[in-house]
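Single-structure report; data block below.
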Amino acid sequence: PDLDSLILNVGLWSAMNYTYLNASYGFVRDLSGNSAQNISMQLVRFYTPDMYPPKVQSFALDMNTGLLVLTMSELVKGSTFSPIAVVFQGISNATLSPLSVYILTASSSAPSNTSRKLMVQLSSDDLNALKANPLLAKSISTTYLSIESPAVADVAGNPVSSISSQSAIQASNYVKDNSNPTLVSFGL
């Protein structure tokens with residue numbers, strides 16, 4: 001949370017010339033109990049920009065609402081999301097069962113906010129394609145995800161770490177489709 005607040009304030013950390021430290025007397029004490037002196041708007045001496053890619057820590061899928069929630073290791077920008085880099089798999093290693101693979105289309109979307117949870121709304125085409133495939137997303141045991149690097153980026157622009165189709169991650173939470181169909185239209 002403190003780190004997230006800092007990251008969201010890009011002006012504080014975007015380059016060495018913009019990064020200062022200000023700390024009040026007593027912000028830290030040594031082992032003898034002596035307080036550190038004030039530090040007043042001192043330019044940092046060493047600055048290392050964020051070069052670490054975010055990682056997908058887990059994901060959840062709700063087959064009723066079509067909501068895919070990716071939990072990330074750090075803040076990501078939803079505006080950078082590319083659904084065509086997200087692949088659902090029925091098993092961990094897609095090379096063993098190529099029929100149990102579905103790549104999202106460009107019609108699925110995520111809000112443009114910055115968050116550790118990327119909320120992806122599957123398009124009706126994507127959700128129906130998953131529901132139609134008997135090898136995919138029928139239970140938590142048939143819901144795996146692989147992801148390519150351009151899928152989303154963090155605030156510093158680092159693309160997400162890929163998850164190989166040969167070692168996809170299993171859903172941490174899954175909600176089965178239990179909605180009754182409704183008639184939308186008919187013709188005579």
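As a basis for the values below, the full set of heavy atoms in this structure was taken, side chains included, without hydrogen atoms, waters or symmetry mates.
The hydrophobic cluster containing F88 also contains I169, counting ILVMFWY residues as joined when their side-chain heavy atoms lie under 4.5 angstrom apart, directly or transitively. Tracing side-chain contacts under 4.5 Å through hydrophobic residues (I, L, V, M, F, W, Y), one never reaches V56 starting from V155; they form parts of separate clusters.
Atom CG of L31 is surrounded by 12 or fewer heavy atoms from other residues, nucleotides or ligands within 6.0 Å.
The hydrophobic cluster containing I84, built from Ile/Leu/Val/Met/Phe/Trp/Tyr side-chain heavy atoms closer than 4.5 Å, comprises no other residue. Summarising the hydrophobic clusters (Ile, Leu, Val, Met, Phe, Trp, Tyr; side-chain heavy atoms under 4.5 Å, direct or chained), the residues clustered with L135 are L99. Apart from Y144 itself, the hydrophobic cluster it occupies contains nothing, where clustering links Ile, Leu, Val, Met, Phe, Trp and Tyr at side-chain heavy-atom distances under 4.5 Å.
Residue Y25 comes nearest to Q37 through the heavy atom pair CE1-NE2, 4.0 Å, listed as atom of the first residue, atom of the second, then distance. Across L127 and M63, no two heavy atoms sit closer than the pair CD1-O, 3.9 Å. What you find for P53 and S161 is that their closest heavy atoms are CG-OG, 3.3 Å. Pairing each heavy atom of P54 with each of N158, the nearest pair is CD-O, 3.3 Å. Nearest heavy atom pair, residue G33 against residue R29, reads O-NH1, 3.4 Å. Scanning all heavy atoms of the two residues, the minimum distance from S149 to S162 falls at N-OG, 3.1 Å.
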Please report the C-alpha distance between S108 and Q121 in whole Å, then the side-chain angles of each, then the deciding distance to 0.1 Å, and finally whether the side chain to side chain donor-acceptor pair (under 3.5 Å) criterion is met. CA-CA 6 Å; S108 288; Q121 184 59 57; over 6 Å; no

Mind running side chain to side chain contact (heavy atoms under 4.5 Å, CB included) on S92 and Q170 for me, showing each step along the way? CA-CA 7 Å; S92 178; Q170 188 174 22; over 6 Å; no

Given the rule in the side chain to side chain contact (heavy atoms under 4.5 Å, CB included) test, do N22 and I39 qualify, once you have shown the distances and angles that lead to the verdict? CA-CA 5 Å; N22 191 32; I39 298 174; 5.7 Å; no

Just do the side chain to side chain contact (heavy atoms under 4.5 Å, CB included) check on E74 and D50 with the steps written out, would you? CA-CA 11 Å; E74 62 179 283; D50 177 8; 3.4 Å; yes

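Of the possible polar contacts, none joining the S32 side chain to the N34 backbone as a donor-acceptor pair under 3.5 Å is found. D62 places no side-chain N or O within donor-acceptor distance of the main-chain N or O of G66, the cut-off being under 3.5 Å. Counting only distance, with no hydrogens or angles, the side chain of K131 and the backbone of A137 share no donor-acceptor pair below 3.5 Å.
Between M72 and V160, the closest side-chain pair of non-hydrogen atoms falls below 4.5 Å. Taking 4.5 Å as the limit, every side-chain heavy atom of L61 sits out of range of all side-chain heavy atoms of V175. Between N38 and F27 the shortest side-chain heavy-atom distance does not fall below 4.5 Å. The shortest side-chain heavy-atom distance between F81 and V120 falls under the 4.5 Å cut-off. Contact of the Y102 side chain with the V87 side chain is not registered, since no non-hydrogen atoms from C-beta on lie closer than 4.5 Å. At least one side-chain heavy atom of L70 sits under 4.5 Å from a side-chain heavy atom of L145. Side-chain contact check for D154 versus L75: every heavy-atom pair is 4.5 Å or farther apart.
In terms of the side-chain hydrogen bond (donor to acceptor under 3.5 Å, both in side chains) criterion, residue partners of S141 (sequence neighbours excluded) are, by chain and number, S139. Applying the side-chain contact (heavy atoms from CB on, under 4.5 Å) rule to S107 yields the partners T105, S123, D126; only residues at least two apart in sequence or on another chain are considered. Considering only residues two or more places apart in sequence or on other chains, N178 meets the side-chain contact (heavy atoms from CB on, under 4.5 Å) condition with N64. Residues satisfying the salt bridge (charged side-chain N to carboxylate O under 4.0 Å, His left out) test with D125, not counting sequence neighbours, are none. By the side-chain hydrogen bond (donor to acceptor under 3.5 Å, both in side chains) test, T182 pairs with no residue at all, sequence neighbours left out. Remark: F46 engages no residue in a side-chain contact (heavy atoms from CB on, under 4.5 Å) (not counting sequence neighbours). Annotation: side-chain contact (heavy atoms from CB on, under 4.5 Å) contacts of I91 (sequence neighbours excluded): L96, S97, S100. Residues meeting the side-chain hydrogen bond (donor to acceptor under 3.5 Å, both in side chains) test with Y174, sequence neighbours left out: none. Applying the side-chain hydrogen bond (donor to acceptor under 3.5 Å, both in side chains) rule to K55 yields no partners; only residues at least two apart in sequence or on another chain are considered.
One distance of note links CD1 of I140 with CG of N173; it measures 6.5 Å at 0.5 Å rounding. Atom NZ of K77 is separated from atom OG1 of T114 by 6.5 Å, given to the nearest 0.5 angstrom. Separating the OH atom in Y52 from the OG atom in S73 is a distance of 12.5 Å, to the nearest 0.5 Å. Put simply, CD1 on I103 and OG on S146 are 8.0 Å apart, with the number rounded to the nearest 0.5 Å. Considering CG of D177 and NZ of K138, their distance stands at 8.0 Å, rounded to 0.5 Å. Distance check: T95 OG1 to Q166 CD gives 5.0 Å after rounding to the nearest 0.5 Å.
Looking at T71, V69, L68 one by one, the single match for side-chain contact (heavy atoms from CB on, under 4.5 Å) with F59 turns out to be L68.
Salt-bridge check for R116 with D4: passed, with a basic side-chain N closer than 4.0 Å to an acidic carboxylate O.
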